[in-house]
Visitor: 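My questions will all concern the structure given below.
As a basis for the values below, the full set of heavy atoms in this structure was taken, side chains included, without hydrogen atoms, waters or symmetry mates. Sequence lines set the chain letters: A, B, ... in the order given, protein chains first and strands last, and positions in each chain run from 1.
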Amino acid sequence: MSEEEHLGRISFKSRPEELCGVRRQLKNLLSTKDCQCETLECIIIAINEACMNVIEHAYHGRCDGDIVLDVFYGDRKLVFRLTDYADHVDPVVLRPKELNHLEPGGLGVYLLDEIMDEMRFMPCLHGEGNILEMKKCLDDNGSPMHRGCDQGQE
Amino acid sequence: MFPTIEKDGKTTICLEGEVDLAVSPQTRRQILDILYTGKGLTVQLAKVDYIDSSGVACLVEAYQYARKHSISFDLEGVNPAVMRVLKLAKLDAVLPIR
Amino acid sequence: MNPASQNGAVEKVIEVENLVASYRERTILKGLTFDVRHGEIMVIMGGSGSGKTTLLRNLLGLMEPDEGSIRVFGREIVGASPSEMRELRKRMGVSFQGGALFGSMTLAENVQLPLREHTKLDEETIRIMTRLKLEFVDLSGYEDLMPSELSGGMVKRGALARAIVMDPKLLFFDEPSSGLDPVVSAELDQLILDLRQAMDMSIVVVTHDMASALKIADRITVIDRGNLVISGTVDEVQNCPDERVQNLLHRRPRKASVDAEEYLRRLTQA
């Protein structure tokens, strides 16, 4: 059974202008978990893309929707749960495609999939809302165990 | 609006700060408007701290437009923050980086 | 092993004919024809972007195809009314990718959900049915835990318990092994086999995991970019010379290089 520590919650409205602040808050939250700088930057890219998806696909650009990002840490894994209260989103929208199958606008989901180790989409049966859960494994040094984040260094 | 520099019939647009969903629609318009005049364009990215996929999409669209209309287009001053995203999107070998 | 092969006349629980489906302007399924027989485990396989999830959504009546016919238990579901679909779904169970247990409910409440939605059973009956199913998936004693307190494998088993709580005759399982380590994944495979044995179910499993497919399938349907490559027994699939099948069998990695020209065109096409 996993013991997860709740690192924090970031609540914001579905406005593109909020994303800058979300990235900053997320950086602060994660800096307590000394993950490597490169990993941290990649995670921020991924979460930003996930938030963009919610604004564009769940709220369809509406600016007054609520979005909640919860961050947990446990078992050397960072877990991000992104909740919205919009209509159900077709999970197909969030199904990553290989680059060779990519369509316009599909870049964000591709990045998200490339960086995160696990993603699952949980539409709520009752009422409104969607939950996207993303996991990123860290090794003992706080560096990424799997993929995605080791490519950015020049 | 990002500052632009005109030199030898070529325009350089200097993007800066965080090129994300909040600014990418205006950025796209500004970049495409320059290309519509038929002038060559360099996108200076040295002062960009953060770019997301909507910002990257602007660059891709602009490059494709420029190629189609035989207008010169390149990216300059690609710093590690920008390169990280371009590499993840496997665009580092696709976009014309100087 | 497979009850379907024991008698001559094979009862078909799903018959798909010339199924064409698209998502926005893009055709995802390009004319699929195959069937699922009573009592068998049919594994639908394909790589990422093959269309297997779209196929599953069509089989569940969650998406209207452009062309073709889908009969489930002999009833045409293309164009079926919502009330007809509701009736049909009572005989179908679905375990979605990722488990999809609701975080705000305990494990038991999650498992009970279909019973509360579709039946008017009394509390005691619901409680006993829930415990029986949790027992079956080896989660008894965990009733009151929240999904966040369970491991990945436990969440999958919990979702399976919910999918079978109504004793469906047809069970759909989307990507059972995704996100699980090999040992837990193998346990889940065994559970699927036990389930078919114990409950006389027909089971459709959608996966990209060939090891799991070879272990549990009676028959396998391979799709690639929306086309049906083969639908046959495990032996037939293993001996199929088609390169796409062999790629799946031998887990050949996806192409690492991207054609720049093609990539740009795809990203910018209207």
Side-chain angles (χ1 to χ4, degrees), chain A residues 12-24 26-27 36-57 59 61 63 67 96-100 102-116 144 147-154, chain B residues 1-2 15-32 43-68 75-98:
Chain A
F12 55 103
K13 292 285 179 192
S14 56
R15 291 153 27 99
E17 294 77 12
E18 300 265 2
L19 292 175
C20 181
V22 172
R23 292 194 296 270
R24 223 144 277 163
L26 184 59
K27 202 168 193 166
Q36 280 186 353
C37 176
E38 194 55 36
T39 313
L40 181 70
E41 298 297 339
C42 283
I43 288 173
I44 289 170
I45 291 169
I47 297 296
N48 182 79
E49 295 299 328
C51 296
M52 259 170 64
N53 262 315
V54 171
I55 294 176
E56 291 182 333
H57 295 300
Y59 287 113
C63 288
I67 305 176
K97 305 261 190 322
E98 289 179 35
L99 276 181
N100 291 328
L102 210 62
E103 292 167 61
L107 205 52
V109 178
Y110 174 79
L111 287 178
L112 193 50
D113 182 56
E114 200 59 20
I115 294 167
M116 290 297 175
R147 58 216 176 112
C149 294
D150 51 349
Q151 321 177 1
Q153 230 100 41
E154 286 223 89
Chain B
M1 289 280 272
F2 291 106
L15 306 189
E16 50 187 61
E18 315 213 345
V19 185
D20 67 359
L21 192 57
V23 298
S24 59
Q26 300 92 288
T27 311
R28 173 180 177 273
R29 232 165 292 134
Q30 196 184 352
I31 289 177
L32 288 177
V43 182
Q44 172 56 252
L45 295 155
K47 289 186 180 165
V48 173
D49 305 317
Y50 182 85
I51 188 163
D52 71 4
S53 70
S54 68
V56 170
C58 295
L59 302 179
V60 169
E61 186 184 359
Y63 178 47
Q64 188 70 325
Y65 179 89
R67 276 165 29 114
K68 209 181 259 173
L75 309 180
E76 205 177 72
V78 175
N79 61 37
V82 175
M83 187 53 97
R84 183 181 291 126
V85 181
L86 295 185
K87 279 196 170 172
L88 278 167
K90 298 200 167 58
L91 284 164
D92 52 326
V94 174
L95 291 172
I97 299 170
R98 259 223 308 241

Visitor: On a heavy-atom basis, which atom in B:V19 and which in B:V23 lie closest, and how many Å separate them?
Guide: CA-CG2, 3.6 Å

Visitor: For B:Y50 and A:I45, which heavy atoms make the closest approach, and how far apart are they?
Guide: OH-CA, 3.5 Å

Visitor: Any idea which heavy atoms bring A:L111 and B:A89 closest together, and the distance?
Guide: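 Distance-wise, the nearest heavy atoms are CD2-N, 3.8 Å.
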
Visitor: Which atoms form the tightest heavy-atom contact between B:Q44 and B:G77, and what is the distance?
Guide: OE1-CA, 3.5 Å

Visitor: Give me the atom names and distance for the closest heavy-atom approach of B:D52 to A:M52.
Guide: OD2-SD, 2.8 Å

Visitor: Minimum heavy-atom separation for B:M83 and B:I97, please, with both atom names.
Guide: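 Closest approach of B:M83 to B:I97, heavy atoms only: CE-CD1, 4.1 Å.
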
Visitor: For chain B, which candidate among A:L19, A:N48, A:I55, A:I44 shows the most heavy-atom pairs at distances under 4.5 Å?
Guide: A:N48

Visitor: Does any backbone or side-chain atom of A:R23 lie under 4.5 Å from a heavy atom of chain B? Answer side chain, backbone, both or neither.
Guide: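 A:R23 touches chain B through side-chain heavy atoms alone.
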
Visitor: Tell me, side chain or backbone of A:E18 under 4.5 Å from chain B's heavy atoms, or both, or neither?
Guide: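 Neither the backbone nor the side chain of A:E18 comes within 4.5 Å of chain B.
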
Visitor: Checking heavy atoms, do the side chain of B:L86, its backbone, both or neither come under 4.5 Å from chain A?
Guide: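 Contact with chain A is absent: no heavy atom of B:L86 under 4.5 Å.
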
Visitor: Which residues in residues 54-68 of chain B have a heavy atom less than 4.5 Å from any heavy atom of chain A?
Guide: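 Against chain A, the residues of residues 54-68 of chain B that fall inside the cut-off (heavy atoms, under 4.5 Å) are B:S54, B:V56.
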
Visitor: Sequence neighbours excluded, which residues qualify as side chain to side chain contact (heavy atoms under 4.5 Å, CB included) partners of B:A22?
Guide: A:P16, A:E17, B:D20

Visitor: Quick one: does any side-chain atom of B:N79 pair with a main-chain N or O of B:V48 as donor and acceptor, under 3.5 Å?
Guide: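 Yes; judged by distance alone, with no hydrogens or angles, the pair exists.
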
